[in-house]
Amino acid sequence: MSQLKNRLNRLKKTQASIDNKVISSHLKGGEWGEVGAVTKTNAYGSFVKREIRIPLQEKIGFYPLYQLVGSAQALSHLQSIKSNVLHDKMLFFDTETTGLGIGAGNVPFMLGIGYYTDDAFIVEQLFIRNPSEELAMLAYINEKFQHFTHLVSYNGKTFDLPLLKNRFIIHRLTYEGEHLEHIDLLYPARSLWRNSLTTCKLSHVERKRLGIHRVDDVPGSMAPTLYFKYLIEKDPNIVADVFRHNKVDIVTLAILSIYFVSLFEKRDVYSNLELDELYRLCVWFNNMELTDLFQYVYELLTTRVIEEDPNYFIPLAMIFKKKKDVETSVSLWKKFIELQGHQRIINTEPYIELAKYYEHRKKDFKQAIYYTKEAELRVYNRISLSKRNQKYTEILQEIQKRKNRLEKKIKSRVNEVDQNSVVELRQVEMNV
DNA sequence: GGAATGGATGAGAATGGCGG
DNA sequence: CCGCCATTCTCATCCATTCC
């Protein structure tokens, strides 16, 4: 055990020295050992491989790596994943390429993969020193695919994987990863943070939500330039930063997975969320049909919405309307009006929705016309406040149309009642 | 510069109530 | 039964975003 610990510590040290850029310039370029990499050879040729072991208890940002152990299954809700998700059957995946297109001119010069073993998280980085090494690298990763069931990436569905498949075709290799289900974390990230983060780029997400702060990171957009420079000068130190960048990307994929999983099982994390995140989470659980989680988050959300921003009652009401639970929608619209009705500028949607509800479902035209008139009043306020009122005059016309219709309906109902009472009277007379 | 994705927006069909 | 109108449901289409 202590032997293992020693070994881990030793590995940790070498890795730290690489990360701290102790790759010093007095060791003249050319030696791959300097970046902690070795030459790997297989039946198709050679390429360079760097392997890093990270102990599972290591904390990356806010979360330790071991948190995914035994709890990866929840990730299946993020995309329509059918098979069981096990942490040690997931292959985290990110490439560095010579450009952004997925056409033939774009070459992946580095493939970064990450996976869990019993005692560590392993990052393997495959790098080609020239185009002729690509085939050997592809063959290597092809064999790796066999040991996993799920691929995890960030925008990999549109970028990394199509590109990689193209390379297989160009090299006349059969892609052996068709069995892999693909979890692309970009989409859940966007649906959760589209409003609360200015951008959902991986580097921004990890800094703002995972507590991971990169130091001296080279942006991905620098990768092509650095690689071309390497091709000319053949000094591994030139691409040392690309290795480091790619490694963080891979590790971030694991930590982001942990974060998502925690949303499904650690209900105490909800109190740290921004209001909009909590709302988006509510939408998640509703769409995923996880009723318990939905109910829990919904209740938490409503108490916060009252204090922080009653406007959220409106989309929430629409969720229940879609679920055909209109009574709940009605209570939310009314709650909104109760809290916001006094404001000069206010969304009229709840008034209109309530008017529809009373006209069409309850046939209570008086209530319907009451809410219509309330809406009309608010729009008047708007128009008097703004010069550019084209939009609001249209809304106003719509409202007045509704009002006129309701007035007619009320009138005709009064007539109906009169006629009915006349009929009743006649019947009484006949009976007499 | 290519493409999967989800959200927003819109068009068209289906529904349903109402009056003639 | 038919025409009219408002609403709702279902697709279709568009648009921005993200990867290096």
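Here the structure is a predicted model, which is why all the values come from computation and not from measurement. Only heavy atoms go into these numbers, but all of them, side chains included; no hydrogens, no water, no symmetry mates.
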Please state how far atom CG in Asp160(A) lies from atom C1' in dG2(B), giving the value in whole angstrom units. 13 Å

Remember a base hit wins even if backbone is also touched, and classify Asn166(A) as base, sugar-phosphate or nothing at under 4.0 Å, heavy atoms. nothing

Integer-rounded Å distance: dT18(C) C1' and Leu161(A) CG: 15 Å

Look at the rings of Trp32(A) and Phe127(A) and say which category their plane angle falls in: under 30° parallel, 30 to 60° tilted, over 60° perpendicular. tilted

Using whole Å, what does the distance between atom P of nucleotide dC19(C) and atom CG of Asp184(A) come to? 10 Å

Among dC9(C), dG2(B), dT8(C), which nucleotide sits nearest the side chain of Phe159(A)? dG2(B)

Identify whether any heavy atom of Leu202(A) sits under 4.0 Å from a base atom; if not, whether one sits that close to sugar-phosphate; answer base, sugar-phosphate or nothing. sugar-phosphate

Please report, rounded to the nearest Å, how far the P atom of dA6(C) is from the NZ atom of Lys403(A). 16 Å

Just compare dC19(C), dT5(B), dC20(C) and give me whichever is closest to any side-chain atom of Arg190(A). dT5(B)

I want to check one thing: is the phosphate of dG7(B), taken as OP1 and OP2, less than 4.0 Å away from some side-chain N or O of Arg280(A)? yes

To the nearest angstrom, the CE-P distance between Met318(A) and dT8(C) comes to 8 Å

Rounded to whole angstroms, how far apart are NZ on Lys157(A) and P on dA3(B)? 16 Å

Lys356(A), nearest nucleotide to its side chain (from dT7(C), dC19(C), dA6(C)): dT7(C)

Regarding the side chain of Thr158(A), the nearest nucleotide among dG7(B), dA6(C), dA4(B) is dA4(B)

OP1 or OP2 of dA16(C) under 4.0 Å from side-chain N/O of Lys201(A): no

Is there a side-chain polar atom (N or O) of Arg402(A) under 4.0 Å from OP1 or OP2 of dT7(C)? yes

Rounded distance in Å - CG (Leu197(A)) to P (dT18(C)): 10 Å

Out of dC9(C), dA6(C), dT8(C), whichever nucleotide has its closest atom nearest the side chain of Lys321(A): dT8(C)

Nearest-nucleotide wise, let me know which of His360(A) and Gln79(A) is further upstream toward the 5' end of DNA chain B. Gln79(A)

Counting any heavy atom closer than 4.0 Å, what does Thr97(A) reach on the DNA or RNA strands: base, sugar-phosphate only, or nothing? sugar-phosphate

Base, sugar-phosphate alone, or nothing: which one does Asp94(A) contact when heavy atoms must sit under 4.0 Å apart? sugar-phosphate

Ser153(A) near the nucleic acid: base, sugar-phosphate alone, or nothing, with a heavy-atom cut-off under 4.0 Å? nothing

Would you verify whether the NZ or CZ of Lys89(A) falls within 45 degrees of the ring axis of Tyr116(A) while also being under 6.0 Å from that six-membered ring's centre? no

Where the side chain of Ala223(A) is defined as all heavy atoms beyond and including C-beta, which of dC20(C), dT7(C), dT18(C) is the nearest nucleotide? dC20(C)

When the ring planes of Tyr279(A) and Tyr312(A) are compared, do they come out parallel, tilted or perpendicular, using 30° and 60° as the limits? tilted

Among dC18(B), dT5(B), dC19(C), the nucleotide that comes nearest once only the side chain of Lys363(A) is considered: dC18(B)

Using a heavy-atom cut-off of under 4.0 Å over every strand shown, decide if Thr199(A) touches base, sugar-phosphate, or nothing. sugar-phosphate

For residues Pro108(A) and Glu96(A), determine if any side-chain heavy atom of one lies less than 4.5 Å from a side-chain heavy atom of the other. no

Could you give me the CA-CA distance, side-chain angles and deciding distance for Thr149(A) and Val85(A), then say whether side-chain contact (heavy atoms from CB on, under 4.5 Å) is met? CA-CA 8 Å; Thr149(A) 58; Val85(A) 188; over 6 Å; no

Taking the inter-plane angle between the rings of Tyr358(A) and Tyr371(A) on a 0 to 90° scale, is it parallel (under 30°), tilted (30 to 60°) or perpendicular (over 60°)? parallel

Provide, to the nearest angstrom, the distance between the NZ atom belonging to Lys229(A) and the P atom belonging to dC20(C). 21 Å

